[in-house]
Amino acid sequence: MRKKLIAALLTLTLTAACIAGCGNNPSEAPADAPAEDSTAAPEAEADSDEPYIAMIALGFSHQFWQAVKQGAEQAAADYNVRISFEGPETETMVDKQVDMLKTALGNNPIAVCMAAIDTESVAGILQEAKGNGVKVVGFDAGVGEAEADAKCTTDSIAAGAIAAEHAAELLGGKGKVAVIGYSQTTIDSVQRNKGFIDKLKSDYPEIEIVDEQFGDGDHLKSAEIAKAMIQANPDLNLIFANNEGSCVGAYNGLKEANKLEDVMLIGFDSSAAMKEAIRNGEIAGAITQDPIGMGYKSIEAAVKLANGEEVEDFIDTGCYWYDASNMDDENIAPLLYD
Amino acid sequence: MSLAGITKEERGESMTEALIQMKHICKSFPGVKALNDVSFDLKAGEVHALVGENGAGKSTLMKVLTGVYQCDLGEIFLNGEKLEIRNVRDAQSKGIVMIHQELNLMNHLTAAENIFIGREYRKGMKLFLDKQKQNRKAADIFKEMNLEIDPDVKVGDLSVAKQQMVEIAKALSYESKVLIMDEPTASLTENEIEDLFSIIRMLKEKGHAIIYISHRLEELAAITDRVTVMRDGTYVGTSNTHEVTTDEIIKMMVGREIFVTKQGEFQHKEAPVTLEVRHLHAGKMVRDVSFTARKGEILGFAGLVGAGRTETARAIFGADPHESGEIFVNGREVKIHSPSDAIRSGIAYLSEDRKQYGLVLGLDVDINIALPNMEKYHKNGFIQFAKSEKNSTEQTELLTIKTPSIKQKVKLLSGGNQQKVVLAKWLTKNSDILIFDEPTRGIDVGAKNEIYKLMNQLAEEGKTILVISSELPEIIRTCHRVIVMYEGRITGEVSGAEINQDAIMNYAAKKA
Amino acid sequence: MKGIRKNKDLSQKIIIIGTFILLLIFFAIMNPAYIRYDNIMTILLSTCVNGTLAIGVSFVIITSGIDISVGTVMTLSCVMSGTAFSVWGWPLWISILFGFCVGALCGAVNGFAVAKMYLPPFIATMAMQMIAKGLSLVISGIKPVYFTGAPNYQKIAIGEFLGIKGFYNAIIIFLIVAVIAHVIFSKTLIGRYDLAIGSNEEATRLSGIKVDSWKIGIYSLCGLFCGIAGLIMSSRLNSAQPQLGAGYELDAIAAAVIGGNSLTGGEGSIAGTVIGALIISSLTNGLRIMQVSSEIQSAIVGLVLALAVFIDQARRRKEAK
């Protein structure tokens, strides 16, 4: 009897988890992603006094998105709108994101803020939504140009170029550089690298780019890549890692290889680990975006568009270089998150 | 009677009318000469038995004929024309088809789909399957065979006998002239065997030639015209079946006089009861079964396939659950919910399907013998290899298991030796009640007798032995007492001198 | 006859080890930096996490099961141990043991679902994969869990063993894990029953062995190894990263398969798995050093996997004949 009870309980848990894990319909309150759940899962039918805006990100399990969400919630409170915020488990699940968009549109939002994994696969749906009067704001990776009523994002090429200028300064205009990216398909990652590499090539002929590899933003993989890079290029001077996972991974790789003093590291975004390493000089510095601002401005633009106001087509949410010297400044410190 | 003498003349005479002739076939595998100058011929419209112990070369010879192997030397003629058989497809196209002992059917497909697999009828620019036509064609074949099988029924839902008929129908659909049947009656009941025989006779009349491989020599007289004996990869002789006795054939097969188990009266009527089963119910196949077995007794379980004998054994052993009933071992009631409960009570079960239920084929002899006995061979979870190996070596010698080493994988042993390995593991366990389910299925004549001898010996040593067998001669020759079952119930019991075929069949074929 | 069989076992080992050595030689020729001492250590270090997971999953694969939850269970166990240490304030070593227990418990649940609830292993462990991932994110609040109170936590994995330069502790931990796993597999009842269940589960049950319980044990063992992998992983990164882990099971299964463990069960060895894991990490490292682009790296590892299984199958078919 006892055995049967346990079996039944376990079945229930497993079943529940399976269902929760497979369906990511926000109205089902997914059990495996309760973090998105605090503001997600809008019961559209139950309470629809406030206008509703759906926000769909590339993912949710990264602190960057949590910061965007924080900004968006702030704006939602300021402008009296209801928002949902969600994203697929990994930043490659195109189909899941499409499903999320479709579901969100079913709840009659006044606007959608979206960072599309693949702009093409959501173009049709967004066009149709626009036909129904839904405003579309792209943020971060954004959506296709034809679909976007406005775009709030970091100019990734410019961000990469800023990183390149600081790299050149650190190197004194001369040396060997390698790049660790987090994705060879996501537009942000591609553009950060492009901005970085192009800037170095055009302005600093004595700096050589020796290698460019991709580690999926996985800390461990990025660490292995960094170590292989210094093995293949013993005279490497600097590594540019284009997101948090790549940067912390590269940092650990250099640490394991005892090369922190020989090879400089420039990162992107921030985390507690990155901040600590930057503070004590082990990482030379990094570019931070303004995810909170990005979230806030996206919702703001969406509200304005829905009210029939004009907004700029491209809203640059800005990016900043930070290192040990300026990271506590009052304009930088709020942009750094753990 | 000198068989070899007869053959030579007859073979000379039959040259003209032979459908298939295999001449001077030699085939070697690394280290083994599997066939050494074997000749064989088959006439149209005859059933030709091919017998020999396992390893005699029967299957190799048939594999050469069906294109699975190519012979090193020798020639094959069909209607006097030389044949080149390079693969199974070649053989099929010449009308030579083998029906294997392990049927090669897909259980989830229908009878018709199985028959025409690979040659499906299609329609609509050949894009779609033409199920109707296929079923019609299959129905035609079944009709021709006088069979009532629905072409649209899933093969898995058919009885083994019917499945075999589907295989034969498949062979006929190839318009085959030569059918090779490997142990076709191994898993059939008496009635089903009769059905099979009538189909064989029908095929014979239509001019098909049949090569009939069987270990059941008793059958040969009933169905075959000639018999060819092989031994150790060589040809021993051919004779007209009605001119030789079973004993003579056996002698040719093993090349020596063999031990015949004598059935003695069970002397110990007062011996203590070791196993008592009361009102056992388990599923549909075990209904209110009660019996007792005594120390030193060999108790047989006879009945048709599906009478519930195996199910009874599995329920006693805890392999399947039972709803109600009591089991007493040495007078004490035991609760059996799993095989480990039964084993702890001293009951062992030697399954009818050694390969599936009795042995871990991919592992070696030592591991198999030790498997139920590991509690003797470990200390804090660490295996004491020396202890288990010592026992395995002893058992191997005691039971004369022929294996190059106890580290040999069991799947490489012959059926008889595999059965002995199963026995060894239960003897090591010191089980007092041994249930043998079809103990000699797929085992050749020589080894069969060894198993009978072992069973006798074990009974004399005081073990209780239960034997389930579909081969009546086996039951009649070995058992002191026989319980007969029909549709899950015990319908009768015979013992001592009363044990004979008629008495048993009488109970086996009707309700109590 | 005995000799022949031994040769067959040997020939399989020779194929794997030979592949490994050929790989080393090839990359060494392409770039001598490949066989420098510190790069060898790098390769060994990068084998530790995947190798430990692969060992765990090998035990399951040999029963003819599969465990695709190893990656996220690894993550969950280090997130739990980090939380126990940093949030609940438990002593470090108890937190680490707690992490192991979490891993083993997840494994036990897998085993229970497979053995007692008759879920197919793939489904049962897929459920666990999702559950573990969800729990990791919830418990960590989607933030890395840092071991801030233990400044030497990172030393557990990347401290230098006995002060030998470049010789990381993680390698020793992995070595010990591998030896223990090998002993468990070849010298204890678990290993014996592991093989027997994988070869013929029903015959094993009918030999009176409580197959269900042993299966639960074997899945738990696999979970325990995930916990150990979690320790190595979190120590290397000095943090438990809750979003990592998915996808690690594929590398682990690949290592087990390249190492000659048959997915149909009943055959395999821990030594093979270790070499399989080494092949994967030396291959990836070599390709990175040769600066082969990431997408081609992935394709090449896939090819090696297919090739390894093909050779193994060919050998098996030959043996069957």
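Not measured: the values here are computed from a predicted model.
- Looking at A370(B), only its side chain comes within 4.5 Å of chain C, counting heavy atoms on both sides.
- The backbone N or O of G358(B) lies less than 3.5 Å from no partner atom in the side chain of N200(C), so there is not a single donor-acceptor pair.
- Counting non-hydrogen atoms of other residues, nucleotides and ligands closer than 6.0 Å to NZ of K376(B) gives a total above 12.
- Crowding of F122(C) atom CZ: a count of heavy atoms from other residues, nucleotides or ligands under 6.0 Å not exceeding 12.
- Only the side chain of K210(C) comes within contact range of chain B, with heavy atoms under 4.5 Å apart.
- Side chains of R314(B) and L206(C) form a contact here, defined as non-hydrogen atoms less than 4.5 Å apart.
- Looking only at side-chain heavy atoms (C-beta outward), Y193(C) and L371(B) come within less than 4.5 Å of each other.
- Contact tally against chain B (heavy-atom pairs below 4.5 Å) for A203(C), G266(C), G198(C): the top residue is A203(C).
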Report the C-alpha distance between V360(B) and T204(C) in whole Å, list the side-chain angles of each, state the deciding distance to 0.1 Å, and finish with yes or no for side-chain contact (heavy atoms from CB on, under 4.5 Å).
-> CA-CA 7 Å; V360(B) 184; T204(C) 309; 4.1 Å; yes

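- Distance check, rounded to the nearest 0.5 Å: OG of S207(C) to CG of L359(B) gives 8.5 Å.
- Considering only heavy atoms from C-beta on, R192(C) comes within 4.5 Å of I367(B) through its side chain.
- Heavy atoms closer than 4.5 Å to chain C are found nowhere in K379(B), neither backbone nor side chain.
- With a 4.5 angstrom heavy-atom cutoff, Y377(B) does not touch chain C via any of its atoms.
- If you take CD1 on I383(B) and OG on S186(C), they are separated by 8.0 Å, rounding to the nearest 0.5 Å.
- At distances below 3.5 Å, not a single donor-acceptor pair connects side-chain atoms of R344(B) with backbone N or O atoms of G208(C).
- Atoms NE2 and CD1, on H378(B) and I190(C) in that order, are 11.5 Å from each other to the nearest 0.5 Å.
- Interface check for chain C: of the options S340(B), G318(B), A342(B), S338(B), the most heavy-atom pairs under 4.5 Å are formed by S340(B).
- With chain C as partner, the option from G362(B), S351(B), G381(B) having the largest number of non-hydrogen pairs under 4.5 angstrom is G381(B).
- Distance check: E202(C) CD to Y357(B) OH gives 6.0 Å after rounding to the nearest 0.5 Å.
- The neighbour count for H182(C) NE2, taken as heavy atoms of other residues, nucleotides or ligands under 6.0 Å away, does not exceed 12.
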